[in-house]
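Report on the following structure.
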Amino acid sequence: MTSITIHDLDDTLTRRLGRCAAEHGRSVEEEARDILHQVITGSTAADADMKAAQDPAAAPENLGRTIHARFAAIGGVDLEAPGRGQCANRRHFPEGCGSHA
């Protein structure tokens with residue numbers, strides 16, 4: 001993602017942005033990002049998240065989905081889960097070695 005810096009913001013605007021962020025329970029940076037998203041796309045980032053949750057096909061690709069799509073055609077592998085038992089090869093140290101008493 002790209003980062004931007006905005007210089008010479010009016011103090012009143014900065015305070016209002018901070019109040020809005022506090023009202024929404026997020027950082028000033030998150031608030032500014034959501035405002036830009038809303039102005040440019042016509043919807044808030046929360047709206048986009050809600051739409052993605054309701055319609056998984058509308059969700060943007062992510063690494064997990066990309067990897068799954070890449071290997072889905074060759075199928076998965078069923079691995080046998082190891083049984084639960086005692087810890088193997090416990091180390092025993094001489095008395096006083098590594099003790100914190």
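Note: R16 CZ to D10 CG = 10.0 Å, rounded to the nearest 0.5 Å. Atom CD1 of I4 is separated from atom CG of L36 by 6.0 Å, given to the nearest 0.5 angstrom. Rounded to the nearest 0.5 Å, atoms CG (D34) and NE2 (H24) are 8.0 Å apart.
Residues passing the side-chain hydrogen bond (donor to acceptor under 3.5 Å, both in side chains) test with R33, sequence neighbours excluded: E29. For I35, the side chain to side chain contact (heavy atoms under 4.5 Å, CB included) partners at least two apart in sequence or on another chain are L17, E31, V39.
Of all the heavy atoms in S27 and A21, the pair that sits closest is O-CB, 3.6 Å.
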